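In this text, all values refer to a predicted model and were calculated from it rather than measured experimentally.
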Amino acid sequence: MKILHIHDAGPQALQVNALLRSMVVAIDNASSTNEAAEVLATNSYDLAIWDADALDPDAANELAAIRAFAPGMQVLVCGSNDSLQSVTAAIENGAHDFVLRPVHPDELRLRIFQVTKRLPIGNMDHGATATSFGPLQINVHQGNASLDGNPLVLTPRERSVLQVLVRAKGNLVSKERIASRVFTLDEESDPKSIETYIHRLRKKTKHPLLTIETVRGLGYRLVETCPG
């Protein structure tokens, strides 16, 4: 899952940011609606978290224009009782749900799960608690991966790459697409590094009924195989 967090540098917003990172998701940050629009013009996200306490109350009027850059992206508003007017305005301008401060980790996870369930079917990262392909299964929100019910020991980046492949349901995924889903703007997203993660995943997910297939020059896909 890839999230754009629109917030200031205040302690409350940083707390939410830390909670998001603990969920093992890729997070990019924007400090204003203008910056968010610039980021969305060249990057795609499953979810934007709009911090109502951090933005001018009139900024909610710009939400509809920002969503035009990413019509399939879900929007979750975060705010305190003092910013209820801004939260209401954001909902009226296209936000999908809200969470009030103080933010509790379990509630934040639940709200994110609820809004990402409504992602378009055509979105590769269609929201679901657990995603599976053959003997592989990944619990998106707990960050667990298993093979035939046995836990896989994966690094966070390996898990993110595997998640993209599993959610693609056997469809071909380019190196560039994988890199765009697992790296943030602050990281060097060299598509060639994806080859390393694929190599490691092949070793860790070795199974007679499954393989990660390389389509030279195009990308990778999961393939269910027949024992023999």
| Roughly how far apart are Glu195 CD and Lys175 NZ, rounded to 0.5 Å? | 3.0 Å
| note | Those residues at least two apart in sequence (or on a different chain) that pass salt bridge (Lys or Arg N to Asp or Glu O under 4.0 Å) with Glu107 are Arg111
| field | Side-chain heavy-atom pair Leu47, Ile112 within 4.5 angstrom cut-off | value | yes
| message | I'd like to know if the side chain of Arg109 and the backbone of His104 have a donor-acceptor N/O pair within less than 3.5 Å. | response | no
| said: Once rounded to the nearest 0.5 Å, what's the spacing between atom CD1 of Ile194 and atom OH of Tyr220? | reply: 8.0 Å
| Do we see a donor-acceptor contact under 3.5 Å between the side chains of Thr211 and Arg202? | no
| Closest non-hydrogen atom pair, Ile138 against Ala145 | CG1-CB, 4.0 Å
| message | Evaluate Val164 against Val182 for side-chain contact (heavy atoms from CB on, under 4.5 Å), listing each step before the verdict. | response | CA-CA 8 Å; Val164 173; Val182 304; 4.2 Å; yes
| said: Using a 3.5 Å distance criterion without hydrogens, assess whether the side chain of Thr205 forms a donor-acceptor pair with backbone atoms of Leu201. | reply: yes
| Between Leu108 and Leu20, does a side-chain contact (heavy atoms from CB on, under 4.5 Å) hold up when you go through it step by step? | CA-CA 9 Å; Leu108 181 62; Leu20 292 172; 4.2 Å; yes
| message | Can you list everything that forms a side chain to side chain donor-acceptor pair (under 3.5 Å) with Thr88? Sequence neighbours excluded, please. | response | none
| Asp51 side-chain N/O to Ile6 backbone N/O, donor-acceptor pair under 3.5 Å | no
| note | By salt bridge (Lys or Arg N to Asp or Glu O under 4.0 Å), Asp53 pairs with (sequence neighbours left out) Arg101
| Do the non-hydrogen side-chain atoms of Leu136 and Leu152 ever get within less than 4.5 Å of each other? | yes
| Looking at side-chain heavy atoms only, is the closest gap between Val75 and Leu63 below 4.5 Å? | yes
| What are the two closest non-hydrogen atoms of Arg177 and Ser44, and how far apart are they? | NH1-OG, 3.7 Å
| task | Kindly write out the residues that satisfy side chain to side chain donor-acceptor pair (under 3.5 Å) with Arg200, not counting sequence neighbours, or none if the list is empty. | result | none
| message | Under the rule for salt bridge (Lys or Arg N to Asp or Glu O under 4.0 Å), what residues qualify as partners of Lys169, not counting sequence neighbours? | response | none
| field | Close side-chain approach of Leu147 to His207, heavy-atom, < 4.5 Å | value | yes
| query | Looking at Leu40 and Ala70, what are the two nearest heavy atoms and their distance? | reply | CD2-CB, 4.3 Å
| Minimum-distance pair of heavy atoms, taken over all atoms of Phe133 and Glu224 | CE2-CG, 3.5 Å
| request: Considering non-hydrogen atoms only, spot the tightest contact between Ser86 and Ala52 and give its length. | output: CB-CB, 3.9 Å
| So, do Asn17 and Ile49 sit near enough that their side-chain heavy atoms are less than 4.5 Å apart? | no
| said: With rounding to the nearest 0.5 angstrom, report the CD1 to OG1 distance, Ile3 to Thr184. | reply: 12.5 Å
| Atom CG of Leu162 and atom CZ of Arg157: how far apart are they, to the nearest 0.5 Å? | 14.0 Å
| Can you get from Val77 to Leu84 by hopping between Ile, Leu, Val, Met, Phe, Trp and Tyr side chains that sit under 4.5 Å apart? | yes
| message | For the OG atom of Ser180 and the NZ atom of Lys2, what is their distance to the nearest 0.5 Å? | response | 5.5 Å
| Contact summary for Val39 and Leu4, nearest pair of heavy atoms | CG1-CD1, 4.2 Å
| query | By salt bridge (Lys or Arg N to Asp or Glu O under 4.0 Å), which residues pair with Glu213, not counting sequence neighbours? | reply | Arg221
| request: State, without any angle test, whether Asn43 and Asp28 hold a side-chain donor-acceptor pair at a distance under 3.5 Å. | output: no
| said: Using the rule given for side-chain contact (heavy atoms from CB on, under 4.5 Å), can you reason through Ser146 versus Asn150, listing the C-alpha separation, both sets of side-chain angles and the distance that settles it, and then say yes or no? | reply: CA-CA 5 Å; Ser146 63; Asn150 300 311; 5.9 Å; no
| request: Under the side-chain contact (heavy atoms from CB on, under 4.5 Å) rule, what do Ser160 and Phe183 come out as? Steps first, then yes or no, please. | output: CA-CA 9 Å; Ser160 295; Phe183 292 108; over 6 Å; no
| task | Answer yes or no: is there a donor N or O on one side and an acceptor on the other, between the side chain of Lys204 and the main chain of Val153, under 3.5 Å? | result | yes
| task | State, yes or no, whether a side-chain contact exists between Trp50 and His7 at a heavy-atom distance under 4.5 Å. | result | no
| said: Any side-chain to backbone donor/acceptor pair from Asn93 onto Ala90? Under 3.5 Å, distance only. | reply: no
| Atom pair CG/CG of Asn171 and Leu222 - distance to nearest 0.5 Å | 10.5 Å
| task | Would you mind reporting whether Thr155 and Glu158 have side-chain heavy atoms less than 4.5 Å apart? | result | yes
| Validation row: Asp46, Arg181 side chains within 4.5 angstrom (heavy atoms) | yes
